[in-house]
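Everything on this sheet refers to the single structure shown next.
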Amino acid sequence: MVVFGTTFFNFDSFIGKTESTEIIGNPVFSHCYRDILPLMSGSGRFSLGDARRPLHETAVLVEDVVHTQLINLLQQAAEISQLRGARVISAEDLLFLMRKDKKKLRRLLKYMFIRDYKSKIIKGIDEDDLLEDKLTGSSNANKRQKFAQDFLNSVDQTGELLAMFEDDEIDEVKQERMERAERQTRIMDSAQYAEFCESRQLSFSKKASKFRDWLDCSSMEIKPNVVAMEILAYLAYETVAQLVDLALLVRQDMVTKAGDPFSHAISATFIQYHNSAESTAACGVEAHSDAIQPCHIREAVRRYGRKIGPLSPFTSAYRRNGTAFLAC
Amino acid sequence: MRLINAFRAQTGSEAARSTGSPQPPTAGPLPMDEETYLELYLDQCAVQDDLVPPRSPLFSPVVPYVYPPNPSNPETTFNSHLESKETSGDFSSVDLSFLPDEFTQENKEQAVIRSKHEIEENCETQSQQSRLPLPSGQDVGPGLDSSSLSSSRSHLHPGDANSIQSSPEKANSNPSPLASITPMTPMTPVSECSGIVPQLQNIVSTVNLACKLDLKKIALHAKNAEYNPKRFAAVIMRIREPRTTALIFSSGKMVCTGAKSEEQSRLAARKYARIVQKLGFPARFLDFKIQNMVGSCDVRFSIRLEGLVLTHQQFSSYEPELFPGLIYRMVKPRIVLLIFVSGKVVLTGAKERSEIYEAFENIYPILKGFRKA
């Protein structure tokens, strides 16, 4: 558990062991962000809580982080499906990777259910859809839900995972995001609100082919199937959302509040990045601008990766090569 | 005077409500007016047990004159109630100005003749106010659903379709038929009614033709028919009027989609059945049932969906990256609404038209609360 300001985050994340550094340095990916950047930058993050005109540097950094994480995720999923002896990466592999973090898994499952439900409703409304569905002959209703249920059935040892289906607890993170969005929209006028809504509708699943290219799946032997791609798109979105959440918290922490007993210690917890002058300056100056700075993001990722606990000095070796996944 | 207002409201003229009060009493041929008025009242007593005491002095003088020996129960109870309140009033003091002129002149005779027959059927049919079957083929607004007056129905049927259509503000939430006549209970004020009527966009219905069908033969001989057995085991047939599509299965069951009203759906289904019949099959028309109705409307203001999803969490889901609209699952009536930022609302999952109207009236005040100025 890591304490971020006044909020607790549960960081039971899957430990990865792939080589992340080489991918970040790869110049090939620089061209991608003309496609994906509009999603990740400005609009996408605006809808998740960032300022209306987010910084370009932050966008680049976020894209890097998300990309890295997704590639790692894909590789691990590929390894797992190899273990299974399957030819494609299916949703089951991804669900398996996420088994450690119940909350995120539950959010993913809820997302899949809502997707099913939405296609069911839309079918009822549009008669063309109805005919098409009948023509294809497959009953897609609840297919994702049944599928997830079957899989978890087979994997579940302790019954905890299956209990999630009946579990109706409120998802606090989602609740907080909803409240933040509500607060933001309350003060907007209708033009701003229209823009906000449009930006919220951006997702990775809309431009599926570009997403696939960005992930560079062709270089891998085992490719993900359709449902797995949907889940990956959702996880990418979740990663961005999670990053924004954490960065906002970091920014909030940086503000020295009067009467805070740990104010003298705050600067000590930040690693000042002296690589680029601008980021230092940005960190040094208090966040008068509303946008999230790259230093916030970096700090958020750093904190997420650290394990704090009684045995942390002794487990660092185990963790050294790993990247903590923000999305699972 | 309040009775006038209420009665005027039923005939759909709002203006009359405000001008109702200063009207002087009209002196018509008294016995006839009282008779029709009595019959009107008898219609409502079938659903309302409590008779409002202030009314009875008005009625009791009528009793010795008009009351037809009628065996149905509500009337006998009414009768006994009246007799218990004995007042010998003067007929000239009876205020009959509530009866609008066209009613007293045109429909008196019809109403008198017809209502005697209709009283009995009304006593039975009025158990379900909001589910009153409207005369088929007449697409009247929601307000008529709650009006239970047979005479008013007969009165309105010929002449007043226009006035009904022009008063969509009649709320369907009228709780009891007598609320409009009883002076105590105020009607839902017009300002609370949304004034918007959802339009039906699509109706899905099924019917059983009750005979085995040879799909290949149908596909070969009928025009506008598609049949691809490898893809799907049914014939897809379309007709232009009403513009609908039907899926016809070899078992004899048929699904008809695309109609814009219940009557159109039924008519279209009949046309398809006739086509099948003409091709030589002994098609019948059994168990016609409407499975789903879809309606849509526009509240004409922007809606702040983030607020709505926060306060109505247990009913709504809003995933903008998945679908731009908020999905609201209303429990009573069981309808799913798709609410968009632009103010457009789509309602689906209804088996009856009134469910759509009711659902919209339920959601409208909520949406107004989240209006984005």
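None of the values given here were measured: they were computed from a predicted structure. Keep in mind that the numbers below use all heavy atoms, side chains included, and drop hydrogens, waters and symmetry copies. In what follows, every chain begins at residue 1, and chains take the letters A, B, ... in the order their sequences are listed.
- Highest contact tally toward chain A, considering only Asn228(B), Leu310(B), Val346(B), is held by Leu310(B) [criterion: heavy-atom pairs under 4.5 Å].
- Between Ile327(B) and Val336(B) the shortest side-chain heavy-atom distance falls below 4.5 Å.
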Take Arg200(A) and Glu306(B) through the test salt bridge (Lys or Arg N to Asp or Glu O under 4.0 Å) and record every step on the way to the result. CA-CA 11 Å; Arg200(A) 275 199 83 167; Glu306(B) 281 79 12; 3.1 Å; yes

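- Interface remark: Leu338(B) contributes side-chain atoms only to the contact with chain A (heavy atom separation under 4.5 Å).
- Two rings, from Tyr111(A) and Tyr237(A), have their centers 6.0 Å or more apart.
- For the residue pair Ser205(B) and Ser265(B), a side-chain donor N or O sits within less than 3.5 Å of a side-chain acceptor on the partner.
- A donor atom on one side chain and an acceptor atom on the other are found under 3.5 Å apart for Thr244(B) and Tyr272(B).
- Of the atoms belonging to Arg183(A), not a single heavy atom falls under 4.5 Å from chain B.
- In this structure, the portion of Ile303(B) lying under 4.5 Å from any heavy atom of chain A is its backbone and not its side chain.
- In this structure, Phe360(B) has its ring center under 6.0 Å from that of Tyr364(B).
- Contact annotation for Glu179(A): both backbone and side-chain heavy atoms come within less than 4.5 Å of a heavy atom of chain B.
- Contacts between Arg329(B) and chain A at a heavy-atom distance below 4.5 Å involve the side chain alone, from C-beta outward.
- Cation-pi geometry between Arg107(A) and Tyr234(A) is not satisfied (NZ or CZ under 6.0 Å from the ring centre, within 45° of the ring normal).
- Taking the ring axis of Phe281(B) as reference, the NZ or CZ atom of Lys212(B) does not stay both within 45° of it and closer than 6.0 Å to the ring centre.
- When the heavy atoms of residues 284-294 of chain B are compared with those of chain A, the residues falling under 4.5 Å are Asn292(B), Val294(B), listed by number.
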Show your working on side chain to side chain donor-acceptor pair (under 3.5 Å) between Gln201(B) and Ser296(B) and close with a plain yes or no. CA-CA 7 Å; Gln201(B) 301 293 346; Ser296(B) 75; 2.8 Å; yes

